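Reading through the structure tokens given below for one structure.
Basis for what follows: all heavy atoms, side chains included, without hydrogens, waters or symmetry-related copies. Please read these numbers as outputs of a predicted model, since none were measured by experiment.
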Protein chains: 2
Amino acid sequence: MLKRRNTTTKEAVLSVLTSKRRAMSQDAIMQQIGVNADRATIYRVLNRFCEDGLVHKIIAEDGKQYFAVCMKCDETKLADNHFHFRCTSCQTIECLPEAVHFSVPNGYNVESVNCVLTGVCPQCS
Amino acid sequence: MLKRRNTTTKEAVLSVLTSKRRAMSQDAIMQQIGVNADRATIYRVLNRFCEDGLVHKIIAEDGKQYFAVCMKCDETKLADNHFHFRCTSCQTIECLPEAVHFSVPNGYNVESVNCVLTGVCPQCS
DNA sequence: TTGTTATTGCAACATTGTTGCAATAGTTTA
DNA sequence: TAAACTATTGCAACAATGTTGCAATAACAA
């Protein structure tokens with residue numbers, strides 16, 4: 001593992017993600033961030049966060065990647081096995097407290113879980 | 001709604017989807033299909049199937065659209081509320097019999113559900 | 001067979017995400 | 001503080017996926 005350095009962009013991205021407490025896409029982060037940063041840089045920062053386990057990635061029904069510092073995950077150690085809610089109005093994804101329960105037929109080896117509910121969140125409706 | 005016409009491409013796409021009994025991406029369909037068809041045409045055929053309720057669309061963790069004539073869905077009327085399994089080896093998505101059960105906090109209006117488990121299927125492992 | 005129009009092929013485009021490379025800037029060491 | 005090392009950046013180019021406009025084609029009804 002490489003030695004991480006503290007950079008303006010890195011701190012700004014983490015700041016936005018922690019303050020919003022939502023999963024955001026690269027373009028949403030780029031808009032909210034205060035500093036000028038290249039698209040590629042933001043992706044690289046986010047992917048580094050994922051590698052380091054700081055942030056997790058969700059793929060929504062729009063096919064886009066959303067990144068979140070999931071507070072509830074850390075507390076309850078649910079890791080990726082919880083539902084996410086994507087609001088089509090404010091374009092953010094929230095982690096729901098609801099855990100994903102499932103069982104699969106024999107022989108299926110589940111490596112990752114991606115459950116996204118889409119609709120309108122309370123704040124927007 | 002427009003009057004649908006029967007075309008070679010339309011029938012070939014439906015044939016592949018029904019015989020494979022898996023959710024497939026546009027490029028997988030293009031490979032399996034016997035006839036020459038444009039990429040855009042296949043997408044249009046698939047989207048028409050979705051509009052007509054013949055096929056449903058799943059977004060996987062690779063961000064791609066997968067299309068399936070889900071047999072089990074029709075039988076049990078589970079519609080979209082079931083788990084899907086994407087095999088990273090054979091690159092197809094299967095509908096699992098397991099239904100998705102969830103509850104959301106008050107105020108959340110869920111419009112669609114997308115649950116994909118990713119891993120390796122019995123045939124590939 | 002003819003007319004209507006749904007469908008196609010092609011090209012162009014938009015979006016999202018990644019990668020190569022030289023330049024920049026953290027961090028450590030002297 | 002200055003120099004060395006190298007993680008990170010910006011830029012451009014690229015790949016992949018999906019959509020759209022438009023003229024040409026072909027399915028279907030009369």
Rounded distance in Å - CD1 (B/Ile33) to P (C/dT8): 10 Å
Euclidean distance, A/His84 NE2 relative to A/Glu94 CD, rounded to 0.5 Å: 10.0 Å
Gap between atoms CE and P, on A/Met30 and C/dG17 respectively (whole Å): 12 Å
For atom NZ of B/Lys10 and atom P of C/dT7, their distance in whole Å: 7 Å
Within residues 22-35 of chain B or reaching into it, pairs that qualify as side-chain hydrogen bond (donor to acceptor under 3.5 Å, both in side chains) - sequence neighbours excluded: B/Lys20-B/Gln32, B/Arg22-B/Thr92, B/Ser25-B/Asp27, B/Asp27-B/Lys64
Between P of D/dA16 and CD of B/Glu61, the distance in whole Å: 21 Å
Atom-pair distance (CD1 on B/Ile59; P on C/dT15), nearest Å: 18 Å
d(CG, A/Asp62; P, C/dT16) in whole Å: 8 Å
Common cluster, B/Val100/A/Phe85, ILVMFWY with side-chain heavy-atom separation under 4.5 Å: yes
Hydrophobic cluster identity match, B/Val55 and B/Ile42, side-chain contacts under 4.5 Å: yes
Separation between CZ of B/Arg48 and OG1 of B/Thr7, rounded to the nearest 0.5 Å: 7.0 Å
Joint hydrophobic cluster, B/Leu96 plus B/Val116, side-chain heavy atoms closer than 4.5 Å: no
Validation row: B/Val69, B/Leu54 side chains within 4.5 angstrom (heavy atoms): no
Whole-Å gap separating C1' (D/dA16) and NZ (A/Lys64): 16 Å
Whether A/Phe67 and A/Tyr43 hold their rings parallel, tilted or perpendicular, with breakpoints at 30° and 60°: perpendicular
Sugar-phosphate only, base, or nothing, as touched by A/Ser25 at under 4.0 Å among non-hydrogen atoms: nothing
For atom CG of A/Asp27 and atom P of C/dA14, their distance in whole Å: 16 Å
Heavy-atom protein contacts under 4.0 Å, nucleotides 19-30 of chain D, coded B base, S sugar-phosphate only, - none: BBB----BBS--
Sugar-phosphate only, base, or nothing, as touched by A/Asn36 at under 4.0 Å among non-hydrogen atoms: sugar-phosphate
Pairwise 5' ranking along DNA chain C for B/Ala37 and A/Tyr66, keeping only the more 5' one: B/Ala37
Parallel, tilted or perpendicular, as decided by the 30° and 60° cut-offs, for the rings of B/His56 and B/His82: perpendicular
Angle by which the axis turns from one end of the helix from C/dT1-D/dA30 to C/dA30-D/dT1 to the other, five pairs per end, to 10 degrees: 30°
